[in-house]
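See below for the structure under consideration.
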Amino acid sequence: MAKAIRSRNLHKRFGDLHVLKGIDLEVEEGEVISVIGPSGSGKSTLARCLCKLEDIDEGEVYLYGNRIDDKRISNRELSGMVGMIFQQFNLFPHLTALQNVTLAPTKVKGLTREQSEEVGVRLLHRVGLGDKLNARPSQLSGGQQQRVAIARALAMEPKIMLFDEPTSALDPELVGEVLEVIAQLAHSGMTMIIITHEMLFAKDVSSRVIFMDEGIIVEEGPPYEIFVRPKQARTQLFLQRLLPHFGKTLVVE
Amino acid sequence: MLDFSAVLPYLHMFGVGTLITIRASIVAVLLGLAIGVVVGALRVLPFASPLRMLAAAYVYVIRGTPLLIQLFFIYFGLPSLGLNLPAFTSGVIGLGINSGGYVAEIVRGGIEAVPKGQWEAAKVLGLSYLQTMRYIILPQAIRNMLPAFGNEFVTLVKESSLLSTLAITELTMVGQQVRSVTYASFETFALVGLIYLLLTSVTSNALSWIEKRWQVR
């Protein structure tokens with residue numbers, strides 16, 4: 001069985017800026033991976049390369065054995081494999097919550113209106129927005145918008161979900177409701193990569209944590225190993241700087 | 001002293017001139033929209049191509065030369081190439097081609113003002129370029145474009161007065177004719193100005209109405 005995600009020697013440059021310097025990544029089906037690391041370490045770029053939002057400069061990316069970093073794969077084929085959640089939600093502001101969810105199933109998968117609405121209503125209920133079907137994005141809080149975005153991505157039934165700092169643009173009191181939905185999804189067996197600064201969440205929800213810095217994977221392992229006994233000096237430094245008190249309680253634990 | 005009764009016997013002429021101005025404006029607006037939407041869409045093609053360069057050249061030439069010269073070129077210049085167009089046709093085509101260059105820039109600006117994240121979200125959901133354009137980008141872009149369209153159409157109505165230089169008896173031409181008969185210059189052009197004001201007010205109010213409706217949808 002092919003790995004859900006495999007990248008080999010993945011390089012990405014923006015002009016002179018070498019953002020990803022040879023990423024080798026293998027993700028099994030059902031794994032939930034958190035990617036942590038300082039800003040500018042290439043985490044987001046990695047996620048964007050895995051769903052073809054960025055063309056890569058070198059290396060290979062496979063989803064379920066299909067090479068996706070060349071021209072042959074269409075948006076349509078890709079959408080059945082991988083869904084993406086953005087930091088800024090990127091909901092379609094001129095459509096209602098339900099229309100946001102049903103558009104792609106209708107236009108890309110060819111579902112009838114009734115079928116796609118059934119899917120949309122079910123998914124919006126699942127993310128706790130059954131009463132907001134006809135609300136516009138502008139009438140929703142950030143947390144609600146992000147949950148609509150999750151429902152919208154799920155409507156295409158991707159096998160893999162990527163989360164690019166899903167709670168970074170949210171007010172602190174709205175972070176919980178979004179993390180809850182993501183955690184539910186993680187427990188349902190979905191293959192996921194979550195780029196996050198929510199360390200507690202990453203520790204609780206993921207099966208593996210990857211620490212990235214300056215375009216490389218510095219260290220990876222089970223959450224406990226990374227958060228409690230990081231081997232690399234760079235990982236230790238990052239965690240200490242980010243979570244001085246959190247790090248100590250973890251060590252005591 | 002001012003004597004508006006001097007122009008009263010010629011009111012029907014103003015009526016005819018106004019109708020010609022309206023007709024020329026409507027046809028030119030439609031022509032300009034058709035050209036502008038196509039050229040504007042070519043301008044935002046995601047890959048470099050001869051079509052995109054052609055569209056850029058079109059906008060460059062149209063915006064860089066006076067409308068009057070463009071009209072003269074079509075009406076007086078093209079016959080040298082064996083293309084003889086009637087005055088009204090020449091005028092409307094000239095106005096439309098000119099407006100198309102400006103509409104293209106409005107279209108391009110409206111499309112480019114839609115955040116990049118909208119394209120990205122649509123792409124990951126599997127929508128094709130054309131589907132993204134149609135269902136995601138254009139509905140938002142048109143909202144961005146409407147105020148600028150209002151400006152452009154009002155400008156076009158006013159610039160249609162240049163058609164008088166091609167001896168088309170639109171409103172401005174009628175004004176000149178009436179003035180040369182009555183010598184009531186002030187009264188004549190005050191009336192002509194008033195009629196233009198009426199036409200531009202109707203145009204911009206119509207656009208505002210459409211703009212509001214589009215916001216609600």
Side-chain angles (χ1 to χ4, degrees), chain A residues 44 47-48 50-55 68 71 73-96 99-110 116 136-138 145-146 148-158 160-164 169, chain B residues 33 37 40-42 44-52 106-150 207-217:
Chain A
S44 288
R48 293 170 60 85
L50 297 181
C51 59
K52 229 184 155 206
L53 280 179
E54 303 288 352
D55 292 328
I68 64 149
K71 290 280 176 212
I73 196 150
S74 67
N75 294 356
R76 176 191 298 260
E77 287 174 85
L78 204 61
S79 67
M81 292 187 222
V82 60
M84 174 81 158
I85 299 302
F86 300 89
Q87 188 176 347
Q88 299 296 337
F89 330 133
N90 294 347
L91 288 187
F92 306 132
H94 59 299
L95 301 179
T96 63
Q99 288 168 334
N100 263 279
V101 180
T102 58
L103 181 76
T106 327
K107 303 302 173 196
V108 179
K109 280 170 56 176
S116 65
R136 305 248 165 194
S138 59
Q145 288 189 52
Q146 192 61 297
V148 173
I150 292 172
R152 180 176 71 174
L154 291 176
M156 290 306 289
E157 302 179 305
I160 302 163
M161 285 279 280
L162 308 173
F163 296 82
D164 184 7
Chain B
L33 265 181
V37 167
L42 292 178
V44 295
L45 280 181
F47 45 88
S49 71
L51 279 175
R52 196 173 80 178
I106 295 170
V107 169
R108 181 175 74 99
I111 290 173
E112 285 177 352
V114 177
K116 205 169 126 248
Q118 297 286 306
W119 285 99
E120 294 183 347
K123 179 177 178 181
V124 180
L125 287 171
L127 296 171
S128 67
Y129 177 81
L130 285 178
Q131 286 177 324
T132 305
M133 230 1 165
R134 172 157 170 217
Y135 299 112
I136 308 300
I137 305 302
L138 283 182
Q140 299 180 58
I142 288 172
R143 205 178 308 183
N144 300 336
M145 293 174 201
L146 283 175
F149 276 155
L207 260 291
S208 307
W209 183 78
I210 294 174
E211 214 177 298
K212 281 204 197 78
R213 296 247 326 172
W214 202 277
Q215 303 291 359
V216 176
R217 253 162 48 92

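Just so it is clear, the values below take in all heavy atoms, side chains as well, and ignore hydrogens, waters and symmetry mates. We name chains A, B, ... by the order of the sequence lines, and we start the count at 1 in each one.
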Given 3.5 Å as the limit, does a donor-acceptor pair link the side chain of B:Lys123 with the main chain of A:Lys52, or not? yes

ring-ring contact (aromatic ring centres under 6.0 Å, His included) with B:Phe149: which residues, sequence neighbours excluded? B:Phe153

Proximal component of A:Leu162, with respect to chain B [non-hydrogen, under 4.5 Å]: neither

Ordered numerically, the heavy-atom neighbours of chain B under 4.5 Å found in residues 148-157 of chain A are A:Arg152, A:Ala153, A:Met156

Applying side-chain contact (heavy atoms from CB on, under 4.5 Å), run through B:Tyr135 and A:Thr106 and close with a yes or a no. CA-CA 12 Å; B:Tyr135 299 112; A:Thr106 327; over 6 Å; no

Report the distance from atom CD of A:Gln88 to atom NZ of B:Lys116, rounding to the nearest 0.5 Å. 12.0 Å

Separation between NE2 (A:His94) and CD1 (B:Ile137), nearest 0.5 Å, reads 8.0 Å

In residues 77-87 of chain A, what donor-acceptor pairs under 3.5 Å come from side-chain atoms, sequence neighbours left out?
unit_1: A:Glu77; atom_1: OE2; unit_2: A:Ser74; atom_2: N; d: 3.3
unit_1: A:Glu77; atom_1: OE2; unit_2: A:Ser74; atom_2: OG; d: 3.3
unit_1: A:Ser79; atom_1: OG; unit_2: A:Arg76; atom_2: O; d: 2.7

Would a distance-only check, ignoring hydrogens and angles, find a side-chain to backbone donor-acceptor pair under 3.5 Å from B:Gln131 to A:Lys107? yes

Closer than 3.5 angstrom, by distance alone: can the side chain of A:Asn75 be matched with the main-chain N or O of B:Leu127 as a donor-acceptor pair? yes

For B:Ala121 versus A:Phe92, what's the shortest heavy-atom pair and its separation? CB-CE2, 4.0 Å

With a 4.5 Å limit on heavy-atom distance, are the side chains of A:Val108 and B:Leu125 in contact? no

Hey, which of A:Ala104, A:Cys51, A:Pro158 has the most heavy atom pairs under 4.5 Å with chain B? A:Ala104

Could you check if a side-chain atom of B:Ile136 sits within less than 4.5 angstrom of a side-chain atom of A:Leu103, using non-hydrogen atoms only? yes

Check salt bridge (charged side-chain N to carboxylate O under 4.0 Å, His left out) between A:Arg48 and all other residues, then give those that pass, not counting sequence neighbours. A:Glu54, B:Glu120

